[in-house]
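Proteins come first, then strands; the chains are lettered A, B, ... in the order of their sequence lines, and each starts at number 1.
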Amino acid sequence: MATERYNPRDAEPRWQQKWNEENVFLTDNADPREKYYVLEMFPYPSGRIHMGHVRNYAMGDVVARYKRARGYNVLHPMGWDAFGMPAENAARDNKVHPKEWTYQNIASMKAQLKAMGLSLDWSREFATCDVDYYHRQQMLFIDMMEKGLVYRKKSKVNWDPVDNTVLANEQVIDGRGWRSGALVEQRELTQWFFKITEFSQELLDALDTLDHWPEKVRLMQKNWIGRSEGLTIRWEIVPETSPNAEREITVYTTRPDTLFGASFLAISADHPLAKEAAAANPAIDAFCEECRRAGTSLAALETAEKKGMDTGIRVRHPLDPSWELPVYIANFVLMDYGTGAIFGCPSGDQRDLDFARKYHLPVVPVVMPRDGDAASFTIGDVAYDGDGIMINSRFLDGMGTEEAFETVAAKLAAESLGNAPQAERKVNFRLRDWGISRQRYWGCPIPVIHCDDCGVLPVPKQDLPVKLPDDVTFDQPGNPLDRHPTWRHVACPQCGKDARRETDTMDTFVDSSWYYTRFTAPWEHEPTDKAAADRWLPVDQYIGGIEHAILHLLYSRFFTRAMRETGHVEAKEPFKGLFTQGMVVHETYSRGHGLTREWVSPADIRIEEADGQRRATLLSTGEDIAIGAIEKMSKSKKNVVDPDDIIASYGADTARFFVLSDSPPDRDVIWSEAGVQGAHRFTQRMWRLVSEAADALKTVAATPAKEGEALAISQAAHRTLKAVQGDYDKLAFNKAVARIYEFVNTLAAPLAKVAAGETDAGYRSAVREAVEILIALVAPITPHLAEECSAALGNAHLIAMSAWPSYDEVLVIENEIVYPVQINGKKRAELTIARDADQNAVQKAVLALDAVGSALNGQAPKKIIVVPQRIVNIVV
RNA sequence: GCGGACGUGGCGAAACUGGUAGACGCAAGGGACUUAAAAUCCCUCACCUUCGGGUAUACGGGUUCGACCCCCGUCGUCCGCACCA
């Protein structure tokens, strides 16, 4: 029977429409079955989807379809992370309103996602720039304000003095504004902050419970939170050296054990005392200015040499009041870590050592390695920062570092300076509070009002939402909300007098910190329907890029806690399982060298292979093109492949199949034309094999074979089913694909026989059963093809709504085992024996083998190791 | 600098808890069908070999009956973080 080639352009839209008509992917919150929430990180509506999206959503869709088949009530929603700078840039550059630009992009990307055949519940879709969404975000903000999780403080921003605007860090290039080229200044503005540090310890501790997260991500978060245990120590200032009435300097240290190695104190240029000293001394002032300037440029910061200036201030050593030390201002001390002041112990810290050598300060070794010799141990150019034995440290001598730490901590805690203990134990975190103020238009307005008389007040909830005005312009730099003629003017909700709206909008990370919760009841007037949120959260499987390993995931973890405190959810953690997928990468092609080098798109070239050499030529002119490194797909390198083109020429199933095959999902996958063609060949082959046998199979029932030739087919089907199921459970899509290939190879000959009419009814039943299993196995990856094949067999039901088949244990178990037989650890023979043969029987059978006999050469074996069902090893 | 991951054929990769290294795919080569091409189907495909076998999982050691897997050291690649006191 002649069969048409499978035509995805015809089949795919047809099945998508069918799924749509039957509402297959709408999720009912009231469905009593066990829940499964699978979510891929929602996209920014940049305009077009790229291959990274295809891979991400293909993975999520496999999980969603698989879990649905396994009987779960699956939630698989999609939305848009729609606020952010690109829309404002587009507005300024192309004179298009950010709103219009964003919603147009959403419309075209939505069409692209739909063409992929994803099993999404589109009824729950929203964009974070929808008033309905940011309205609820403003409600959350006010709830968080009431719980004391929001506050204002002065904070530094990158300020472009030419454009009069605040710049994000990524807009600062080599210390200059990306558009104006002006030297960026650090300015202090009063900004809004979320108190994420209130949860530092909890966010750290709970990492241990996230056992379905990659170890790598947990470690990155752990380092980011950066807990350290130490001591704050107060040092008395020698009164006559103080620039003002200040009597002491507080220092944070994790190494109080090295206190006798101290030779100076260093404070940040932004330290209050430094400012006092600067006011009195122009040289110090100039030095502080220099430090601040250097701080703006990353490049300078990395190469900066350690610099300091003596303030003239002297302090007394906490363990010996007669010992005075100098206080320096140093460029490497940061005001926002610890207390902005350190004590320098040159023998125990490389940075302090470099500093001490430069300014001729004493270097006293106080810790030596355990096998060191106290009399001869000295420090040269390298500090010793390890553990060891205390030396030159008076009453600490001979102790271990840990014991010395405890001793100093206890002693200083018991002593006092003024009315307070000289030192206190202190746990310090690297994590800082989350600054969310952005001086931009295209974001969620911070719902507060500034009144001269009443201060800063939240917008009353009944007055929400604070909507963004539509009539704004982007022809001038700065925040359009600031210069809007009327928007900011509002009556004070308390006294009724003229007041001003906050014009800062929220960081877009706020939008993405709770969207997964909103998906559980996007129609709800309150931010959440708590019952729905509690039912669905945490997300069972979250899938996205590793680039969000820290910020997005940490902020979301914070938000879940904040929403718990404000009574919106019960969940402790937002994401139970996390999977970070690899990128889609592609070869790069270019012509010319150096400055004249020009990147060429893969669509414009032809690749040929001859004598093992791959050559690329330009299609238009035939000129040679250099084949370069494999890199992440990017517009600048032009190594991008447009998903639309692929779907148009091969279909969505081929694209989905390819991005999931070959590479493990957490590793990068190399996009190649040959690979896609291979995937496409698979879809065609599967269709051909099934459709050619379809007529002969239509009328037979699916029944596994118990014996004879067909038994092997049923066994292969059930074994593959078991294995692929395990692969899907572990998100090992590449392995599932390999097994599916293998299974199709096994089924090829039987299907051909069936098509040729050479088989009996029992055989056909076994083949039909095997094909039904094959269809179920491929359905999560290539759902349209699965439906098409199933329909060809005469099935009326949708595969998308069908239950996962279950395997028969009897068919999975092998009745005979092939034992590899090793002699001294090298494989020499094979032994096929009944599965239930006991050790003695196996040993006997092994010794009877020719290969074993000749190896033994008449001698008795030293030892025979039989690992049941695995291997036999004979030691001679 | 600190922390982490990784290193297997021409390529992407498999290999369960320490048990036959290279499944599956790509590329390549040969053949069948065809006037021809495409498509399809079949065969070969780590290296060496005196055809018995020998050598191979970055390199050098170790543990073990047995090591891609565990331990020690070296080299390399990638990622994250960083004047963090």
J.: Once you round it to whole Å, what is the distance between P of G80(B) and CG of Asn223(A)?
T.: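 These atoms are roughly 13 Å apart.
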J.: Considering only atom C1', compute the distance from A56(B) to A15(B) and round it to an integer number of Å.
T.: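 After rounding to an integer number of Å, I get 16 Å for this pair.
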J.: Hey, are Arg218(A) and Glu215(A) close enough for a salt bridge, meaning a charged N less than 4.0 Å from a carboxylate O?
T.: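 Yes, this pair counts.
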J.: I'd like to know if Lys637(A) and Glu587(A) make a salt bridge, using a cut-off of under 4.0 Å between side-chain N and carboxylate O.
T.: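 No, no charged N to carboxylate O under 4.0 Å.
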J.: Pick base, sugar-phosphate or nothing for Glu742(A), based on heavy-atom distances below 4.0 Å to the nucleic acid.
T.: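 Sugar-phosphate only.
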J.: Which residue is it: Leu203(A), Asp211(A), Leu210(A)? I am looking for the one with a side chain to side chain contact (heavy atoms under 4.5 Å, CB included) to Leu207(A).
T.: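 Checked Leu203(A), Asp211(A), Leu210(A) against Leu207(A); only one passes side chain to side chain contact (heavy atoms under 4.5 Å, CB included): Leu210(A).
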J.: Rounding to an integer number of angstrom, what distance separates C69(B) and G53(B) when you compare their P atoms?
T.: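 Between the two P atoms, the distance is 27 Å.
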J.: Do you know which of Phe682(A), Phe733(A), Tyr650(A) makes ring-ring contact (aromatic ring centres under 6.0 Å, His included) with Phe657(A)?
T.: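 Only one of Phe682(A), Phe733(A), Tyr650(A) forms a ring-ring contact (aromatic ring centres under 6.0 Å, His included) with Phe657(A), namely Phe682(A).
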J.: Taking atom P in both C79(B) and G30(B), what distance in whole Å separates the two?
T.: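 Pairwise P distance, C79(B) against G30(B), rounds to 40 Å.
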J.: Check the chi torsion on G76(B) and let me know: syn if it falls within 90° of 0, anti if not.
T.: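 Because its glycosidic torsion lies more than 90° from 0, G76(B) adopts the anti conformation.
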J.: Residues two or more places apart in sequence or in another chain: which of them pass salt bridge (Lys or Arg N to Asp or Glu O under 4.0 Å) with Arg667(A)?
T.: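 Once residues adjacent in sequence are excluded, Arg667(A) has no partner under the salt bridge (Lys or Arg N to Asp or Glu O under 4.0 Å) criterion.
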J.: Just call it for Arg681(A): base, sugar-phosphate, or nothing, with non-hydrogen atoms closer than 4.0 Å on any strand.
T.: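 It contacts sugar-phosphate atoms only.
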J.: Val333(A) near the nucleic acid: base, sugar-phosphate alone, or nothing, with a heavy-atom cut-off under 4.0 Å?
T.: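 Contact class for Val333(A): base.
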J.: Could you list by number each residue of residues 546-554 of chain A showing a heavy-atom separation from RNA chain B of less than 4.0 Å, or answer none if no residue does?
T.: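 Hits under 4.0 Å, by residue number: none.
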J.: Paired stems touching RNA chain B, three or more consecutive Watson-Crick or G-U pairs with both distances under 3.5 Å?
T.: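 Consecutive-pair runs (3 or more) involving RNA chain B: B:1-7 with B:75-81, B:10-12 with B:24-26, B:28-32 with B:40-44, B:46-48 with B:53-55, B:58-62 with B:70-74.
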J.: Could you list by number each residue of residues 251-260 of chain A showing a heavy-atom separation from RNA chain B of less than 4.0 Å, or answer none if no residue does?
T.: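 The answer is Tyr252(A), Thr253(A), Thr254(A).
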J.: For G52(B), does the O4'-C1'-N9-C4 (purine) or O4'-C1'-N1-C2 (pyrimidine) torsion place it in syn, i.e. within 90° of 0, or in anti?
T.: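 Syn conformation here, the glycosidic angle of G52(B) being no more than 90° from 0.
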J.: Might you work through the salt bridge (Lys or Arg N to Asp or Glu O under 4.0 Å) test for Glu814(A) and Arg835(A), ending with a clear yes or no?
T.: CA-CA 7 Å; Glu814(A) 309 262 2; Arg835(A) 181 191 163 73; over 6 Å; no
J.: Nearest-Å distance, CD (Gln725(A)) to P (C16(B))?
T.: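 About 20 Å, once rounded to whole Å.
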J.: What nucleic acid atoms does Tyr337(A) come within less than 4.0 Å of, heavy atoms only: base, sugar-phosphate, or nothing?
T.: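 Counting heavy atoms under 4.0 Å across all strands, the contact made by Tyr337(A) includes a base.
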J.: Roughly, in whole Å, what's the span from CD1 in Ile329(A) to P in C83(B)?
T.: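 Value for this atom pair: 20 Å.
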J.: Considering only heavy atoms, which members of residues 212-221 of chain A lie under 4.0 Å from some atom of RNA chain B?
T.: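 Within residues 212-221 of chain A, the residues near RNA chain B are Lys216(A), Leu219(A), Met220(A).
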J.: Main chain of Gln581(A), side chain of Asp666(A): is a donor-acceptor contact present, judged purely on distance under 3.5 Å?
T.: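 Absent.
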J.: Rounded to the nearest Å, what distance is computed from the CG atom of residue Asp381(A) to the P atom of nucleotide G1(B)?
T.: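 Distance, rounded to whole Å: 16 Å.
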J.: Would you call Lys426(A) and Glu229(A) a salt bridge, using N to O less than 4.0 angstrom?
T.: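 Salt bridge between Lys426(A) and Glu229(A), a charged N being under 4.0 Å from a carboxylate O: no.
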J.: Would you call Lys753(A)-Glu758(A) a salt bridge at under 4.0 Å N-O?
T.: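 Salt bridge absent between Lys753(A) and Glu758(A).
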J.: Without decimals, in angstroms, what is the distance between Asn734(A) CG and A14(B) P?
T.: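 My rounded result for the distance is 5 Å.
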J.: For a quick check of understanding: with a heavy-atom distance under 4.0 Å over all strands, which category does Asn824(A) fall into, base, sugar-phosphate or nothing?
T.: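 The residue Asn824(A) makes no contact with any strand.
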J.: Taking the P atom in each of A32(B) and A38(B), what is the distance between them to the nearest angstrom?
T.: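 Result for the P pair: 15 Å, nearest Å.
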J.: Taking atom C1' in both C16(B) and A21(B), what distance in whole Å separates the two?
T.: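 Result for the C1' pair: 15 Å, nearest Å.
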J.: Has Arg870(A) got a side-chain N or O lying under 4.0 Å from the OP1 or OP2 atom of U17(B)?
T.: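 For Arg870(A), the contact criterion (side-chain N or O under 4.0 Å from OP1 or OP2 of U17(B)) is not met.
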J.: Write down the distance separating the C1' atoms in G9(B) and G22(B), rounded off to the nearest Å.
T.: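 To the nearest whole Å, 7 Å.
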J.: Is the phosphate of G53(B) approached by Arg828(A) (side-chain N or O, under 4.0 Å from OP1 or OP2)?
T.: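 So the side-chain polar atoms of Arg828(A) never come under 4.0 Å of the phosphate oxygens OP1 or OP2 of G53(B).
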J.: Side chains of Arg227(A) and Gln201(A): donor-acceptor distance under 3.5 Å anywhere?
T.: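 Yes, side-chain donor-acceptor contact under 3.5 Å.
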J.: Between atom CZ in Arg227(A) and atom C1' in C2(B), what is the gap in whole Å?
T.: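 Going from CZ in Arg227(A) over to C1' in C2(B) covers 20 Å.
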J.: Have a look at Val867(A) and say if it touches a base, only the backbone sugar-phosphate, or nothing, with a 4.0 Å heavy-atom cut-off.
T.: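 Contact class for Val867(A): base.
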J.: Taking atom C1' of G18(B) as reference, at what distance in whole Å does atom CG of Asn873(A) sit?
T.: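 Those two atoms, CG and C1', are 13 Å apart.
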J.: Taking 4.0 Å as the cut-off, does a side-chain nitrogen or oxygen of Lys827(A) come that near to OP1 or OP2 on G66(B)?
T.: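 Looking at the OP1 and OP2 atoms of G66(B), neither is under 4.0 Å from any side-chain N or O of Lys827(A).
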J.: Apply the side chain to side chain contact (heavy atoms under 4.5 Å, CB included) test between Val846(A) and each candidate in Ile823(A), Ile833(A), Ile874(A); give the one that qualifies.
T.: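 Looking at Ile823(A), Ile833(A), Ile874(A), the match for Val846(A) under the side chain to side chain contact (heavy atoms under 4.5 Å, CB included) is Ile874(A).
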J.: Provide the distance between the two P atoms, one in A46(B) and one in G25(B), to the nearest whole Å.
T.: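 Rounded to whole Å, the distance is 15 Å.
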J.: Using a 4.5 Å cut-off on heavy atoms from C-beta on, say whether the side chain of Arg357(A) contacts that of Val363(A).
T.: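 Yes, close enough: below the 4.5 Å cut-off.
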J.: With a 4.0 Å heavy-atom cut-off, tell me which residues in residues 657-668 of chain A come close to RNA chain B, sorted by residue number.
T.: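 Listed by number, they are Asp662(A), Ser663(A), Pro664(A), Arg667(A).
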J.: Using atom CG of Leu689(A) as one end and atom C1' of A39(B) as the other, report the distance to the nearest whole Å.
T.: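 Answer to the nearest Å: 14 Å.
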J.: I would like to know whether Arg234(A) and Glu424(A) meet salt bridge (Lys or Arg N to Asp or Glu O under 4.0 Å); could you show each step before the answer?
T.: CA-CA 9 Å; Arg234(A) 297 157 66 227; Glu424(A) 281 177 280; over 6 Å; no
J.: Would you please say whether a donor-acceptor pair under 3.5 Å links the side chains of Gln725(A) and Asp729(A)?
T.: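 Result is no, nothing qualifies.
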J.: Considering only atom P, compute the distance from G61(B) to G12(B) and round it to an integer number of Å.
T.: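 Between the two P atoms, the distance is 28 Å.
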J.: Indicate, with a heavy-atom threshold strictly under 4.0 Å, whether Lys735(A) touches base, sugar-phosphate, or nothing.
T.: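 The answer is sugar-phosphate, as Lys735(A) gets under 4.0 Å only of primed atoms, P, OP1 or OP2.
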